[in-house]
Each structure stands twice: as C-alpha cells, then as structure tokens.
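Chain A is the first sequence line, chain B the second, and so forth, proteins listed ahead of strands; every chain is numbered from 1. All values derive from a computational prediction rather than experimental measurement.
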Protein chains: 2
Amino acid sequence: MAIRKPTITDVARTAGVSKGLVSFALNDKPGVSPETRKRILEVAGDLGWRPSLSARSLSTRTSFALGLVIRRKAEVISADPFFPAFIAGVESALTEEGRALVLSVVPDAEAELRTYRTLAGDNRVDGVFLTDLRENDERFAVLADLGLPAVALGHPTGRDDMPFVQVDDTHGIASAVEHLVSLGHSRIAHVAGDPMMMHGGRRRSSFDEAMREAGLDPSLVIDTDFSASNGADATKRLLDNSHPPTAIVYANDPMAIAGLGVAQQRGLRVPADLSITGFDGTDISGYVFPALTTITSDPVEWGMVAARTLLELIGSGSAESVELPPASLLIRASTGPAPSDSGHHAAHR
Amino acid sequence: MAIRKPTITDVARTAGVSKGLVSFALNDKPGVSPETRKRILEVAGDLGWRPSLSARSLSTRTSFALGLVIRRKAEVISADPFFPAFIAGVESALTEEGRALVLSVVPDAEAELRTYRTLAGDNRVDGVFLTDLRENDERFAVLADLGLPAVALGHPTGRDDMPFVQVDDTHGIASAVEHLVSLGHSRIAHVAGDPMMMHGGRRRSSFDEAMREAGLDPSLVIDTDFSASNGADATKRLLDNSHPPTAIVYANDPMAIAGLGVAQQRGLRVPADLSITGFDGTDISGYVFPALTTITSDPVEWGMVAARTLLELIGSGSAESVELPPASLLIRASTGPAPSDSGHHAAHR
DNA sequence: CTGAAAGCGCTTACAG
DNA sequence: CTGAAAGCGCTTACAG
C-alpha cells in the first residue's frame, strides 16, 4: 500500500470535526474556539498534514509565489553581479513565509511582456518585482491591465501608484566625483550605463550635476549597455581623445575592470596616470590590481526588503515605499592624485 | 461586470460538447474525432481560453514547473558566473513548453534538504536539477525518498540511476597543462576548487594526471572554496614558496583574476614572470590585462540540454544522459614562455 | 466516438 | 461556536 499523504479530510475525521473547521483553524479565521483550534493543529501535526498548495490555489486563486522577470541577453547575464545577490536576499524573506520564487530570464521586450501575461494568466505568481526600470516603461500599463501587484526597484519617475524600494545611488556618484576633484582631477569622464534604463540615466545625471557643482565640464560621457565589452570600447575612445581625461567614473564594476585592462594595455599606470572608479562593490573588484575604488550598495538587503514590501502589498493591498541607505564610496587603490602634467600621459610603452 | 476568464465549461457549452471532451481535445487524447477536436480548439481560441493551471495541478498532481536549488552563501553567489548563464539556458527550453522555473538560493545543507522536501511536498515542481555534486551527496537519498525526478549536472560517480548532463572538463585542464608544458614550464601549480565538490575534485585529479604524464611534480596544489578571496590567498602562498611556480592553473576565472591581481601587486609581469590560466571563459576574463587564457564551456547550452533532459525524464519516466562537447582551451595573453631563469623571479619593483 | 458524473483537496458562504 | 454543502476548474474512469 502506497503511503498516501494525509488530507484535510483525514485531519477532520481524526479530530472529530468538519473539514471547514480545520480550514478555519489553519487560516487563523475567527469562529473556532481556542481549545478546538489547538486540538486540530495538534492532530494536523501528528498526522504530518501539509495542506495541498494546488487545492488552496484553486479555491483562493493564490499561488503563494512571487515572480522575477529579468530581461537580458544570455551572453550578458553573467556579467551582472546584481541579480544573484538580489535573489539570495529575496529568498531569505520568502522561505519563512512558505513562498517560492519563480524566475524568468528573457531575451527581449516582446518575450518580457508575454512572460508577465503568462505568469498572471496562469496565476503562477501573486506579484512581481520590477527591475531595470526604463523611461516610458511599457510594463506599468501591462501590469495594471493584468491587475498584478508589483514592487519597483528604484523610483519609477512620474508614478506614485506603485510602491518601490530604492537605494539612492546619486549620492555615490556625487561622492566619487568629489573624491576625484579633491585629488586634483579636473578632466573627469563618465562611462555611463544604458540611458534607457532609469538607474543608468540617474547615475548619468548625478554625474552631470556633481561636475557642474565643482565648476567642471561634464560633457565627457559615453553611453553603454553596461557590458564589459562596451566599457572597454568607451575607455579606448576616451583615451584616444586629444585631451584625454585623468579620471573615469564607471557605471558598474565590470566596465571599470575592463577599463582598467585597457589602460594597462596602453601602458598607463593606474592611478598615477589615470584614476578609475567602479560601481557595485562586487567581490572581484577588491582583488584586481590596483583594487578598485567603487561605490557599494547591498543587493542582498535590497532583495530582502523588496520581498517584504511585495508580500505586504499582496497581503494588505498597499505598502509603503522604502528608501535604503545610500550607496557609499569605498576608497581603495585605483584612485590617486591627478598627474601634474594632466595634458600628456606617460608615453606608451 | 467584471471580465470573467473563460473556463472549460464555457468552451464546452459554446462548442456544444461536454467538458470531458474539451479536456480530451486539449490533451490530445484519443477518442475525439478530428473535426470535433478542430472545432473545440477553434472555440477555445476564440474565447481566449487558458486552462487553469491550479485546476490541472489539483487533478493531475503536476505543477508544470522545474526546480533549481542553489546552495551558496549570499556573499559568494555573485562571484559565480555559472548560474545566471545556466538559468538563461534552462529558460530558453522551458518557455516553449509552458513550464516555469522555481529557484531557491539557500545558505547551508540543512536548508537545502528542507527546500527539496518542501518543493516536493507542496508539489511545487515536477523535477529538479542537481548542481554542485558532492562526494557522498545526501541529496540522492532524499530525492529518491521523495520520488522527485532529477537530472544531475556532471557525472554522479557511483550512481547509474540518475540521468546526467556532463561537460568533460578534464580535457580542458589537461590541455591547459599541455599548453604550459609546451611553453617550457615545469613548475606548474594548481589552485583547485572545493575538493568536496565533484567538479572541483575532478579538475584536480585531471591536473594531477596531466602533470604525471608530462613527468612533472603534481604536488603544488591548494584547495579553495572557489572564491576570489581564496584564490588571492592561495596565490600568495604559492608565490611565497622558496621555489615558486612559473605557471598557475586556476579552477575558475574569478580566482585567476584575483591571482593576476596578486602577481601584479608583487611586481611580477604576466606572462613574462608568471603564466596564468582560468576556467569558465567568463565575459570579463577577456577584458582584464593581460587577457586571460582560460578554458571555456557553454553554460547556456548546458542549461538548455539539462532542461530538455529533465522534461524528457518527467514525461517518459526515463532519459538518456548527455555528454556535451568538452571544455576547450582559449589561448589569450596571460600565458607565455617560461622565464629562462625559472628559479628566480624578476626583482620586485 | 460522446456524455454524465465523480473526484482532486481545499475554502467559503449559509444554516443552525 | 459548529456542520453540511457547494464551488474552484480541471481530469478520468465508466457507460452508452
């Protein structure tokens, strides 16, 4: 005889009550006396009853799962150290709630929207995280249409109907610029991220602002797609300039590491000839030579808080947005005093 | 009036048949005439019917989802470029099948086993991928006990009851050693991975074998946990040796990059004073200076094939194991001829 | 080839 | 405070 998993009926029978009452006890609903509830829960425990997720899903239209849809080309996904850490944070908040995370990695916009529709249509998730916010993001309309609760990572500009969890990264970029200015740099460039992504755009505009405040020319900016390859190319273009920068602020660590590689290949000493800052504080950034000055945030914490916020939104219908501690500058060895003769780099080897 | 999603009852009514027949048509079961099936499917299309996943789950005990449980400390997860790429590959095979991926990231062994139990008990997934195979892996027993279908990544030694998808990485390590030997190196060290993990152990033993075959001393090996931090420490220990190696074979790229950083910090020229090889062929490895000679595999492909194999196993009860093309050596700039005076490095700057 | 009915394991009004 | 029953939307024997 196969070992049949106990059902609510078994619990009801051995506890001598109706199935309905077991359900009430399970869900902490009013209408069942404390003693009865206690007895029911005991019996359930003895029998090893685990209420069936599918059955609960069918009657409550709840999936007890959260969704994360990541739109990245497969070749690039590994370069981004953010998601694994973010997901680890999300998990830490979900496990204790008995929820699961459904993850989708999609290559393009069309697949992305289709995935949200499928996730909602299949009742696969009760809510989703919205990452990589873009300007005029089509996803807001789709999610509203689907009635799918969502929490945004970062502040969706021009929308106050969706709770968000934000890390202020403008502060980090500003302090990187200030740090470089205090070291005597005046020609500072920015290898920006994707301008279509809000956090890319925001880092860029805070660079712009910080440079203006220092009375410096903020025009040395190159947009990228956040990939190491783009970071290397941008660095080459900047260094090919007739009047090249003495410092480069990168929008993420992989690009900064690629930039470091380009500089070294050209025989430039970092930081003697060129100062470099990254963004994210990835593990590896501390082990390249010279160790990268970077701007650190805490993606694990971010994931945990985002998950809690989404659960709150799903449970109660509304949730407060959260502002996490701002990203902060971690000064290591890749930044130093501006070269005295800032117009001419050391000759290439 | 709210827009109610159509159900099987709606389809049956407008098609003028019973619910049972609609179900048969949907699931391609015999017993429904071609014309009737066609008409039913048309009506379903017109109505925009999407069969309810929860209802199907409840009656078939199928979740239409696959599970991946990753055991990593949150701090380390970002350093591993394997999983995001692997997951992207899995997704590409799942989307067309209407399946989803449930992901769990857990910190330790206890949470790992608990997660498999919950996933199975909740009928959250129909099968799982088994990664980071270990010696005497407790998971085999638990999965068998739970009756949860699984596909292993890499060959589970001493088990022929579980299908696996394997990339032969011994070949890659061997060719790295041969490459270095052909460049005149004789003191070659290995910064190995976690000896408790099968792929760590396998890379180590193939290093051992390749060295012996070349008639060289294979004893310069240091175990690590695969982290950049461990990679840096191991490199320091090796270089502190009174008779240091002229080449180091690392078990993954992050450790190799960290090792490169250590070497450069000590004023060693790579590859003039020290040759270095990585493992994985990560995006960033091509952009450090000098560009890393590494051993590439294709984790995206791996994910796709593993997903197909798992679906096959779930669908038919058995699946053939797959051997993927072996990892191959990608020679770039971090390896070069052994220094002529191999006993003494260039003086530190 | 087709229909009517029971069942999957929960939740939730509705009576008492 | 408790019980009996209908319902969630499918699937699957069982009859015809």
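Within the 4.0 Å cut-off from OP1 or OP2 of D:dT11, at least one side-chain nitrogen or oxygen of B:R56 is found. For the pair B:R61 and C:dG9, the criterion of a side-chain N or O lying under 4.0 Å from OP1 or OP2 is met.
With pairs defined as Watson-Crick or G-U wobble and both atom distances under 3.5 Å, the stems of at least three pairs that touch DNA chain C come out as C:1-3 with D:14-16, C:5-12 with D:5-12, C:14-16 with D:1-3.
Atom pair B:D122:CG and C:dG9:P shows a separation of 14 Å (rounding to whole Å applied). Atom CD1 of A:I40 is separated from atom C1' of D:dC1 by 11 Å (rounded to the nearest Å). Atom NZ of A:K5 and atom C1' of C:dG9 are 11 Å apart (whole Å). Summarising the geometry, the separation between NZ on A:K29 and P on D:dC1 is reported as 16 Å, rounded to the nearest angstrom. Going from atom CG of B:D28 over to atom C1' of D:dT11 covers 15 Å, rounded to whole Å. Here C:dC1 presents its P atom at 10 Å from CZ of B:R37, a figure rounded to the nearest Å. Regarding A:F64, its CZ atom lies at a distance of 10 Å from the C1' atom of C:dC10, rounded to whole Å. Taking atom CZ of residue A:F24 and atom C1' of nucleotide D:dG3, one finds them 11 Å apart after rounding to whole Å.
Ion pairing between a basic and an acidic side chain is recognised when a charged N comes within 4.0 Å of a carboxylate O; A:R39 and A:E35 show no such pairing. Salt bridge B:E312/B:R308: absent, no basic N to carboxylate O contact under 4.0 Å. In summary, B:R71 and B:D132 do not engage in a salt bridge, as defined by a charged side-chain N under 4.0 Å from a carboxylate O. Between B:D108 and B:K73 there is no salt bridge, since no side-chain nitrogen of the basic residue lies less than 4.0 Å from a carboxylate oxygen of the acidic one.
Nearest-nucleotide positions on DNA chain C place B:S33 closer to the 5' end than the other of B:A55 and B:S33. Judged by closest nucleotide on DNA chain D, A:S59 is the one of A:S59 and B:T60 placed further toward the 5' end.
Between the A:D137 side chain and the A:R139 main chain, a donor and an acceptor come within less than 3.5 Å of each other.
Less than 4.0 Å separates DNA chain D from at least one heavy atom of each of the following residues of residues 6-20 of chain B: B:T7, B:I8, B:K19, B:G20. Within a heavy-atom distance below 4.0 Å of DNA chain D, the residues of residues 43-54 of chain B found are B:W49, B:R50, B:P51, B:S52.
B:E112 and B:R134 make their closest contact through OE1-NH2, 3.0 Å (heavy atoms, listed as atom of the first residue, atom of the second, distance). Across A:L21 and A:I40, no two heavy atoms sit closer than the pair O-CD1, 3.9 Å.
Ring orientation note: the planes of B:F82 and B:F86 are close to parallel, at an angle under 30° on the 30°/60° scale.
Exactly one of B:L68, B:L148, B:L66 qualifies for a side chain to side chain contact (heavy atoms under 4.5 Å, CB included) with B:V125. That residue is B:L148.
B:E42 CD to B:T14 OG1: the interatomic distance, rounded to the nearest 0.5 Å, is 11.5 Å.
Looking only at side-chain heavy atoms (C-beta outward), A:V151 and A:F164 stay at 4.5 Å or farther from each other.
Within 4.0 Å (heavy atoms only), A:T36 reaches sugar-phosphate atoms of the nucleic acid but no base atom.
Summarising the local packing, CG of A:N136 is surrounded by 12 or fewer heavy atoms from other residues, nucleotides or ligands at distances under 6.0 Å.
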